[in-house]
Amino acid sequence: MNGRRIMSGIVLFFVLAAAIAAGSTAVEAKELSARISSRTVLVGRQIQIKGVSGAAYKSTNTSAASVDSAGRITGKKRGKCKIQVSKSGYTAKYFTITVRDNPRNPRTLPVTVSEASFKGNEPNSIWVHNNSQKGTIKRIECQYLVKEEAQRKAAVDTLGIESASVQETVTLTAQNIAPGKSKVMKMADGKDFSGQNRISEMQLKKVSLYAGDALQVYDAAKGTYSFGWGTKDTRPPQIKGLLKNGSVTGHNDAYRVYYSDRRNTYNLGKGVSAADDRDGRVKVTVDDSKVNWKKTGMYRLYFHASDKAGNKSVSWAKVQVIVPGTPESVADQALSSITRKGWSDVKKARAIYAYIRRHSSYVNNSAHRSWRDSATQGLRYQSGDCYTYYAMSRLLLTRAGIPNVMINRYPTPGGRRHFWNLVYVAGGWYHFDTTPRTRKENFCLWTDSQLWAYSSGYTFRFNNSLYPKRAKKRIS
């Protein structure tokens with residue numbers, strides 16, 4: 001009996017102890033009222049933790065973002081991290097931060113201004129310490145307003161006093177400070193204080209920190225922070241599009257075909273753009289001085305771009321010029337009856353597809369002339385083989401201002417060749433095959449996946465390396 005009472009007492013003791021401990025923990029672990037101005041920050045920008053004082057802050061991923069003792073978070077590199085806010089007697093709080101690229105600015109900050117700390121109170125004895133884990137400080141400049149008690153004979157002679165208070169702005173610098181290392185800061189002009197004057201006060205005015213390609217400036221007087229490029233801009237803009245040998249297919253077939261009678265209606269720079277790593281998108285100018293608009297042939301069209309720093313780029317594309325003749329007269333007559341001004345390229349392409357399907361029948365024809373001649377014959381006599389269908393499509397599409405080129409089957413089992421068109425509409429390249437099939441399928445503006453779903457065999461196989469990437473989004 002006594003044993004049971006003893007055991008009951010022990011159990012009761014532990015229950016009470018646990019309850020007391022739980023109550024004690026609940027009292028001590030108060031909830032922090034910390035809040036944050038945003039959960040997203042750009043590289044080189046800052047967000048602020050608010051609503052708490054006397055807390056300690058820590059970043060779980062210092063490569064992505066740093067946080068200083070005042071709760072200011074600075075984005076360093078695209079990614080995510082957690083910021084821990086802790087204070088004695090409170091439960092630690094975590095904020096998940098997403099860091100995003102800052103358009104037209106350096107994409108990484110190896111080290112931030114908040115990760116630099118200073119020791120010393122004399123211009124000749126101030127040390128700077130790099131608190132970052134991986135980033136090197138290339139150069140740091142600190143501007144101080146220094147107040148001195150000057151012992152100068154001139155002051156005695158002129159003012160009748162033995163000392164005078166003077167102010168002077170000095171700049172201290174240090175270079176190449178590795179992570180976790182310190183360096184003494186030196187006068188920017190190489191001078192130092194002789195010791196004749198007593199320093200009474202030093203007030204920080206500005207900090208300029210160079211790291212990677214970035215320059216960060218902290219204006220202590222205003223309490224503002226700015227971020228930008230800290231290196232000279234020597235990189236020219238990058239011109240993109242169907243350029244150089246990429247402006248033609250593997251069959252030396254130009255992606256851009258222009259008619260001489262419509263020279264003034266073309267946007268020769270369409271599909272070509274230029275972007276600068278610092279200025280963003282920049283203007284592209286077109287030079288057609290090497291193009292003979294009076295003679296059918298292949299020519300080079302030149303593109304120029306320059307950035308604000310004066311860096312220049314030049315590239316070129318192969319284009320085909322055609323002086324209109326009989327084929328174009330035949331095409332214009334057909335187009336006038338099936339298309340309307342102001343239609344989209346997609347609507348025009350569909351009208352051309354339907355016209356060829358309705359007005360042509362398939363016949364074997366091994367005499368493959370030039371695509372313009374074959375197209376003329378096909379439109380006049382309303383018949384032909386797959387090459388003729390490709391040619392008719394190409395003539396009508398090109399004359400309608402829709403870029404298109406020949407695409408052919410590869411490999412060709414038993415020499416059985418097949419031709420169709422690759423058409424550029426709605427910002428992408430699509431397949432366009434007007435040759436009729438027994439299943440009466442409509443191959444108008446199809447993606448690769450649509451073609452291969454129709455035939456998993458060799459019917460629509462081709463050499464991918466000879467053509468630009470096709471669009472993946474289906475046109476409804």
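Predicted model, so just to flag it, every value in this text is computed and none were measured.
For R78, the CZ atom is loosely surrounded, since the number of other residues' heavy atoms within 6.0 Å does not exceed 12. Under a cut-off of 6.0 angstrom, the local environment of CZ in R380 is sparse, with at most 12 non-hydrogen atoms contributed by other residues, nucleotides or ligands. Residue-environment remark: NZ (K183) exceeds the threshold of 12 foreign heavy atoms within 6.0 Å. Around OH of Y94, the count of heavy atoms belonging to other residues, nucleotides or ligands within 6.0 Å does not exceed 12. Counting non-hydrogen atoms of other residues, nucleotides and ligands closer than 6.0 Å to OH of Y410 gives a total of 12 or fewer. Around atom CZ of R437, more than 12 heavy atoms belonging to other residues, nucleotides or ligands sit under 6.0 Å away. Few gaps surround NZ on K87; more than 12 heavy atoms of other groups in view lie less than 6.0 Å from it.
Counting only heavy atoms from C-beta outward, the side chains of I407 and N421 never approach each other to under 4.5 Å. Counting heavy atoms from C-beta on, the side chains of V321 and R263 never come closer than 4.5 Å. You'll find the side chain of S313 reaches within 4.5 Å of the side chain of P237, heavy atoms only. Taking the side chain as every heavy atom from C-beta outward, W293 and Y258 approach each other to under 4.5 Å. Between T231 and K138, some side-chain heavy-atom pair lies under the 4.5 Å cut-off. Counting heavy atoms from C-beta on, the side chains of I47 and I97 come closer than 4.5 Å. Counting heavy atoms from C-beta outward, L215 and L209 have side chains that stay 4.5 Å or more apart. Using a 4.5 Å cut-off on side-chain heavy atoms (C-beta onward), M406 and T249 make no contact.
Looking only at distances, a side-chain donor or acceptor of S337 sits under 3.5 Å from a matching main-chain atom of A334. The closest donor-acceptor contact from the side chain of Q333 to the backbone of V330 lies at 3.5 Å or more, if one exists at all. With N311 contributing its side chain and D233 its backbone, the two residues share a donor-acceptor pair below 3.5 Å. Between the side chain of W446 and the backbone N or O of N442, at least one donor-acceptor pair lies under 3.5 Å. At distances below 3.5 Å, at least one donor-acceptor pair connects side-chain atoms of S247 with backbone N or O atoms of K318. Between the side chain of N130 and the main chain of G135, a donor-acceptor pair closer than 3.5 Å is present. A donor-acceptor pair under 3.5 Å links the side-chain atoms of R470 to the main chain of P468, judged by distance alone.
A donor and an acceptor atom, one from each side chain of D332 and S329, are nowhere located under 3.5 Å apart. Side-chain N/O atoms of R72 and Y57 include no donor and acceptor closer than 3.5 Å. T62 and Q133 are linked by a side-chain donor-acceptor pair at a separation below 3.5 angstrom, with hydrogens and angles left out of the test. Side-chain atoms of T40 and S38 include no donor-acceptor pair closer than 3.5 Å. A donor-acceptor contact under 3.5 angstrom links the side chains of Q46 and T74, judged on distance only. A side-chain donor from one of N404 and T398 sits under 3.5 Å from a side-chain acceptor of the other. Counting only N and O atoms by type, the side chains of N105 and R278 include no donor and acceptor under 3.5 Å apart. Under the 3.5 Å distance criterion, with hydrogens and angles disregarded, no donor-acceptor pair is assigned to the side chains of S66 and S59.
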_If you apply the rule side-chain contact (heavy atoms from CB on, under 4.5 Å), what do you find for V248 with R256, and how did you get there?_
CA-CA 8 Å; V248 293; R256 283 188 278 264; over 6 Å; no
*I would like to know whether R416 and R409 meet side-chain contact (heavy atoms from CB on, under 4.5 Å); could you show each step before the answer?*
CA-CA 9 Å; R416 293 188 293 274; R409 178 189 294 156; 3.7 Å; yes
_Test salt bridge (charged side-chain N to carboxylate O under 4.0 Å, His left out) applied to R394 and D253, step by step_ = CA-CA 12 Å; R394 181 163 188 180; D253 198 7; 2.8 Å; yes
*For the pair E115 and K76, evaluate salt bridge (charged side-chain N to carboxylate O under 4.0 Å, His left out) and give the outcome as yes or no after the intermediate values.*
CA-CA 11 Å; E115 292 175 307; K76 296 177 65 178; 3.1 Å; yes
_Run the side-chain contact (heavy atoms from CB on, under 4.5 Å) test on S86 and K58 for me, step by step, so that the C-alpha distance in whole Å, both residues' side-chain angles and the decisive distance to 0.1 Å come before the verdict._
CA-CA 9 Å; S86 58; K58 182 180 179 181; over 6 Å; no
*Could you walk me through whether L32 and T91 pass the side-chain contact (heavy atoms from CB on, under 4.5 Å) test, one step at a time?*
CA-CA 7 Å; L32 283 167; T91 300; over 6 Å; no
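With S393 as the fixed residue, the side chain to side chain donor-acceptor pair (under 3.5 Å) test singles out one of T435, T434, T388: T434. Screening Y389, F432, F460 against W420 for a ring pair (Phe, Tyr, Trp, His ring centres under 6.0 Å) leaves a single residue, F460. Remark: of the listed residues D385, D433, T459, D433 is the sole one forming a side chain to side chain donor-acceptor pair (under 3.5 Å) with H418.
Applying the side-chain hydrogen bond (donor to acceptor under 3.5 Å, both in side chains) test to every pair with at least one member in residues 214-224, sequence neighbours left out, gives these pairs: Q216-Y225.
For the atom pair CZ (R358) and CD (Q382), the distance works out to 11.5 Å, reported to the nearest 0.5 Å. Note that the OG atom of S374 and the CG atom of L379 stand 11.0 Å from one another [nearest 0.5 Å]. Here the CG atom belonging to L396 is positioned 5.5 Å from the CD1 atom belonging to I352, to the nearest 0.5 angstrom. With rounding to the nearest 0.5 angstrom, the CG atom of N252 is 9.0 Å from the CG atom of N245. Residue N364 holds its CG atom at 9.0 Å from SG of C386, rounded to the nearest 0.5 Å. In this structure, OG1 in T339 is found 12.0 Å from NZ in K341, a value given to the nearest 0.5 Å.
A salt bridge links D261 to R399: at least one charged side-chain nitrogen sits closer than 4.0 Å to a carboxylate oxygen. A salt bridge does not link R262 with E328: every distance from a Lys NZ or Arg NE/NH1/NH2 to an Asp or Glu carboxylate oxygen is 4.0 Å or more.
When all heavy atoms of M185 and A174 are compared, the closest pair comes out as CG-CB, 4.2 Å. Across C81 and N61, no two heavy atoms sit closer than the pair CB-CB, 3.4 Å. Taking all atoms of both residues into account, the shortest heavy-atom contact from A214 to L109 is CB-CD2, 3.3 Å.
Ring geometry for Y467 against F462 counts as perpendicular: the plane angle is over 60°, on a 0 to 90° scale with 30° as the lower cut.
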List the atom pairs, donor and acceptor, that lie under 3.5 Å between side-chain atoms in residues 294-305 and the rest of the protein, sequence neighbours left out.
unit_1 : atom_1 : unit_2 : atom_2 : d
T296   : OG1    : V323   : N      : 3.0
Y299   : OH     : K295   : O      : 2.9

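Residues satisfying the ring pair (Phe, Tyr, Trp, His ring centres under 6.0 Å) test with Y387, not counting sequence neighbours, are H368, Y390, F419.
Ring to ring, F443 and Y353 are not that close: their centroids are 6.0 angstrom or more apart.
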